[in-house]
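For reference, the structure is listed below as structure tokens.
A quick note: this is a predicted structure, and the numbers were derived from the prediction, not measured. Every chain is numbered from 1 and lettered A, B, ... according to where its sequence line falls, protein lines coming before strand lines.
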Number of protein chains: 2
Amino acid sequence: MRLSSMADYAVVTMSAAARHCGGARVSAADLAVETGLPAPTVQKLVSMLSKAGLLRSARGAGGGLQLARPAAAISLADIVEAVEGPIALTSCVQHGRHDCALEGTCNVQPHWAVVNEALRGALANVPLTQLVQMKVPA
Amino acid sequence: MRLSSMADYAVVTMSAAARHCGGARVSAADLAVETGLPAPTVQKLVSMLSKAGLLRSARGAGGGLQLARPAAAISLADIVEAVEGPIALTSCVQHGRHDCALEGTCNVQPHWAVVNEALRGALANVPLTQLVQMKVPA
DNA sequence: GGTGAATTGGACCGATCCGCTCCGATTAGG
DNA sequence: CCTAATCGGAGCGGATCGGTCCAATTCACC
């Protein structure tokens, strides 16, 4: 029931990247020092985030990263899914998976779907723009 | 972002135990055959659930298990917390933990608390009574 | 009251996944 | 054309999870 560290770090990294949106040209190393995370870990994260289409990467000298979309169009759900895959509390709520042996007779399954959607909705309701502000009013 | 198998199994086990509420005297082995789960796994689960105060256990010959509280007073949140510990998506939302190095400067933390509470609320809104019914209306 | 069987409780072990680090492939600049 | 800088993927160690087994405890029966 706990979020993986990678997903947590990914949110912090994306939040840092969003602050450099105008300038682009932000290297993974720069994000590492800003966030305080290990540099190789940030490299792995930006690789995942780029492959998921959240970051646009430019290789070579003078290259860097920038947001692929406006910060307002990126939510926590997008970031979490990019790192951890589809949001599915149990295997039975995943679109076409049939791993559970209790398929059909299980009466818990529909309730998991409700809980799962509540979680996903809560994550989707937090856009990246809300995370960029340095201090949130108490 | 996925629920552990143990927590999933625990919900199924509690659901099965709730059906025998009147008769009490339900052995872990009986629950195993009803749910189709491995017997040793069910044994481990009932041990955890008993220690958490959700099940009342009676040892010795003719012993067994029964719900410690009415089914209506047991929610998914109770079962999940009994098996997985406190519901905390990140370490920073846990009451008094200070593991994160970004404490104070982190602007993401308050948002995690909101998401975490939404998840917990969704789990608390599903009492065990809703899971006992054999078939949920489509 | 003693014996026996049935049941829970805790401890051990293997396996899978996560998190971290290092090295190669690619590209712009001099 | 060469050098330097950066992203991309492969490999390794550690930790937690899931499954299994054995011992301690307790009630029913004789």
Between [X] and [N], is there a side-chain N or O to OP1/OP2 distance below 4.0 Å?
X	N	value
A:Thr41	C:dC20	yes
B:Lys44	D:dC17	no
B:Ser5	D:dG18	yes
A:Ser27	D:dC7	no

Report task. Mind checking B:Ala29 for me? I need base, sugar-phosphate or nothing, with any heavy atom below 4.0 Å counting as a touch. Result ->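 The residue B:Ala29 makes no contact with any strand.
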
Query raised in the report: Under 4.0 angstrom, heavy atoms only, what part of the nucleic acid is A:Pro40 near: base, sugar-phosphate, or nothing?
Result: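 Result for A:Pro40 = base.
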
Whole-Å distance separating the [atom1] atom of [X] from the [atom2] atom of [N]:
X	N	atom1	atom2	result
A:Asp8	C:dC20	CG	P	11 Å
A:Leu54	D:dC7	CG	P	16 Å
B:Leu45	C:dG10	CG	C1'	15 Å
B:Leu37	D:dG19	CG	P	9 Å
B:Gln43	D:dC22	CD	P	13 Å
B:Leu65	C:dG9	CG	C1'	12 Å
B:Glu84	D:dG18	CD	P	8 Å
B:Gln66	C:dT7	CD	P	16 Å

Requested in this report: Just compare D:dG9, D:dT20, D:dG18 and give me whichever is closest to any side-chain atom of B:Ser4.
Outcome: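 The listed nucleotide nearest to B:Ser4's side chain is D:dG18.
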
Query - Per A:Met6 side chain, nearest of listed nucleotides C:dT21, D:dG8, C:dG19 - result: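 Looking only at side-chain atoms, A:Met6 lies closest to C:dG19.
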
Query raised in the report: Can you list the steps and then say if A:Leu119 with B:Val115 is a side-chain contact (heavy atoms from CB on, under 4.5 Å)?
Result: CA-CA 7 Å; A:Leu119 170 61; B:Val115 175; 4.2 Å; yes

**Report entry** Nearest-nucleotide comparison on DNA chain D, the residue closer to the 5′ end among B:Leu3 and A:Ala58
**Finding:**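 Closest to the 5' end, via its nearest nucleotide, is A:Ala58.
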
Query - Inter-residue atom distance B:Leu55.CG - B:Leu65.CG, 0.5 Å rounding - result: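 Here the interatomic distance stands at 5.5 Å.
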
Query - Under-4.0 Å salt bridge between B:Arg120 and B:Glu81 - result: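 Judged by the 4.0 Å cut-off on N to carboxylate O distance, B:Arg120 and B:Glu81 do form a salt bridge.
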
Query raised in the report: Which sits closer to the 5' end of DNA chain C, A:Ala39 or A:Arg59, going by the nucleotide each is nearest to?
Result: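 The answer here is A:Ala39.
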
Query raised in the report: Is the closest side-chain heavy-atom distance between A:Leu128 and A:Leu67 below 4.5 Å?
Result: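 With C-beta onward as the side chain, the pair touches.
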
Query raised in the report: Strictly by modelled atom types, are A:Ser75 and A:Asp78 linked by a side-chain donor-acceptor pair under 3.5 Å?
Result: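 There is such a pair between these side chains.
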
